[in-house]
Amino acid sequence: MENNHYLGTEKVGKLLGKFAIPCIFSLIISCLYNIVDQIFVGNGVGYLGNAATGVIFPITVVGWGMSLFFGDGAAAHLSVSLGRNETETIHRGVGNAILCSFLSGIVIIAISYLGGDSLLQMIGATDANLSMAHDYGFIIYAMMPLAMVQNTLASIIRADGSPRYAMGAMLVGAVINIIGDPLAIFVLDMGVQGAAYATILGQFVSFIICAVYLAKSKTFHISAGSFQLDFSQLKKIMALGTSSLLTQLSIVIITVINNILLVRYGAVSAYGEDIPLAAFVVIMKLFQIVLNIAIGIAAGAQPIVGYNYGARKFGRVKELLKLIITWTVVVCLVCTVLFEAIPQVFIRMFGADGELYTQFAVMCLRIYLSLIILTCVQKVCAIFLQSIGHAKAAAPLSVLRDVFLIVLSLIVPVFLGVTGIFWAAPAADILAAAITAVVMIGLWKQLNVADENQVSA
């Protein structure tokens, strides 16, 4: 087995680039599965098709969240264990994470199929888009366990020191999806079902590539015994992965609540039920892209941060925190300028059915994403806390913005109507950022003290 001692000696800027850039691309590629579907469905089927795929989005995010619950937890545990030179039981943590991710996927399949159309209506499907949501979702569900295992493995592979391999696995699947979508939708005239089949084919190929990696992992060796349930390992993994799970579950809750509110307030506005719903779906996809870039920076840094924290190299930990936040701020500033200056370009990318839809979507994009820089910095700080094993602080911080957003989404539209749902986002960003700043200043002081004590020891 190889060691990861270079994580504690090589320049942190170089290390961050090596790990974060492939991680960013991996997460963006993962987003592309749903986004590419929406682009081709929007242009080939119409905004009702986009609304339908948006209805399925919360279910897929639950799967994503569970896969990160075990994958990010195992990755953080792996990194800190390597820094402490505690490597004997790493393989059990990896095996347990893979097994539990797969079993979670089986549970999601059962609930989704048994819930049927009633479940879809409960999470926001309308009479106009229900049949398309059914056609799309019932295909997507089938691949859920393997897609979740693939995502769990991607986190573990990055922590094992092979971020480019994880990126490559995601890239191959995404390319298959990108080629398959127009072929199935436009050539074979399969509509939303074609988009779903292209998606699960890409996911399956990515799963196979990630599974093959287990035969040549660097810091652990998987065997049949690795998959025997070990609750002491699972406890550590789940504690460290809770932040990732809560982040994804909060997205589900926000999406479902907003879907319901958009239909309710949209019905009594000039825009109707489906225009606000379709616009929100597109805006959330753009939001996801930017957020995943920020998460990619922080998650890519996780093995480096965890290793150095475990090795008690606190000066390097502080340097990494500064770099992570700086990179996040720069990316978000560029994206904010683009969203505010040319929002119509992004809206039309997903199809534009009529002037009324475009007008509403452009206005709400500018509102909802106006302070995304605060969203991303806040989420990055939560991931950093997760990386150093501070699970109790990371978990509440990861959902802080989302809790504010849910509450404000229920209150603001009462006064501002359907657009108030979008105004709730920047208001939540300000509140969450203020509290996060207090927490991180306290952490910085702790790191300073620990660094000084380490130097004087």
Side-chain angles (χ1 to χ4, degrees), residues 27 30-31 33-34 54-76 97 100-112 115 119-120 122-124 137 140-141 144-145 147-152 154-155 234-235 237-261 280-281 284-285 287-288 291-292 294-295 298-299 375-376 378-383 385-386 390-410 421 424-425 428-429 431-432 435-436:
L27 292 175
S30 183
C31 266
Y33 279 104
N34 193 261
V55 169
I56 303 301
F57 178 66
I59 298 173
T60 61
V61 173
V62 170
W64 177 274
M66 291 303 297
S67 68
L68 292 179
F69 180 37
F70 296 109
D72 284 359
C100 290
S101 184
F102 179 80
L103 294 176
S104 300
I106 296 295
V107 172
I108 292 172
I109 279 184
I111 293 171
S112 300
L119 174 63
L120 299 180
M122 187 172 70
I123 60 177
I140 291 294
Y141 302 154
M144 193 70 76
M148 287 171 58
V149 169
Q150 180 272 317
N151 202 41
T152 295
S155 294
L234 276 175
K235 185 178 178 181
I237 288 168
M238 290 189 292
L240 292 171
T242 298
S243 174
S244 295
L245 174 64
L246 292 177
T247 297
Q248 299 303 318
L249 291 183
S250 64
I251 292 174
V252 174
I253 296 169
I254 289 167
T255 302
V256 171
I257 290 174
N258 280 354
N259 282 353
I260 295 168
L261 292 173
F280 178 67
V281 169
M284 282 300 287
K285 295 302 166 273
F287 173 82
Q288 262 195 302
L291 184 60
N292 274 352
I295 290 174
T375 311
C376 290
Q378 198 266 331
K379 296 291 185 184
V380 158
C381 289
I383 294 171
L385 288 168
Q386 181 185 44
H390 287 205
K392 290 182 179 179
L397 207 64
S398 67
V399 295
L400 184 63
R401 182 255 186 190
D402 303 319
V403 170
F404 283 131
L405 181 57
I406 290 167
V407 173
L408 292 170
S409 294
L410 294 170
I421 298 168
D429 289 330
L431 293 172
I435 294 173
T436 301

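These numbers were taken from a predicted model, which means no experiment stands behind them.
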From Ile406, Leu405, Val407, residue fulfilling side-chain contact (heavy atoms from CB on, under 4.5 Å) relative to Ser409: Leu405

Criterion side chain to side chain contact (heavy atoms under 4.5 Å, CB included) on Asp402 and Lys379, from CA distance to verdict: CA-CA 10 Å; Asp402 303 319; Lys379 296 291 185 184; 2.7 Å; yes

Ile254 CD1 to Leu249 CG distance, which is reported to the nearest 0.5 Å: 11.0 Å

Close side-chain approach of Phe70 to Met238, heavy-atom, < 4.5 Å: yes

With sequence neighbours excluded, residues passing ring pair (Phe, Tyr, Trp, His ring centres under 6.0 Å) with Phe102: none

Where Ala74 and Ala97 come nearest, the two heavy atoms and their spacing: CB-CB, 3.8 Å

Side-chain touch Ile295/Ile383, heavy atoms, less than 4.5 angstrom: yes

Contact check, side chains of Met144 and Ile59, non-hydrogen atoms, under 4.5 Å: yes

Could you give the side-chain donor-acceptor pairs of residues 103-111 under 3.5 Å, partners two or more places apart or in another chain?
| unit_1 | atom_1 | unit_2 | atom_2 | d |
| --- | --- | --- | --- | --- |
| Ser104 | OG | Cys100 | O | 2.8 |

Nearest heavy atoms of Ala294 and Cys376, plus distance in Å: CB-CB, 3.6 Å

Minimum-distance pair of heavy atoms, taken over all atoms of Leu119 and Ser112: CD2-CA, 3.9 Å

Whether Ser101 side chain and Met148 backbone form a donor-acceptor pair below 3.5 Å: yes

Point-to-point distance, once rounded to the nearest 0.5 Å, from CG of Leu400 to CG of Leu246: 12.0 Å

Pairwise distance CD1(Ile421) to CG(Leu408) - rounded to 0.5 angstrom: 12.5 Å

Distance in Å, Ile435 CD1 paired with Arg401 CZ, rounded so as to fall on 0.5 Å steps: 13.5 Å

Thr152 side-chain N/O to Ser67 backbone N/O, donor-acceptor pair under 3.5 Å: yes

Backbone of Gly73 reached by a side-chain donor or acceptor of Gln386 within 3.5 Å: no

Flag side-chain contact, heavy atom, 4.5 Å: Phe280 against Leu261: no

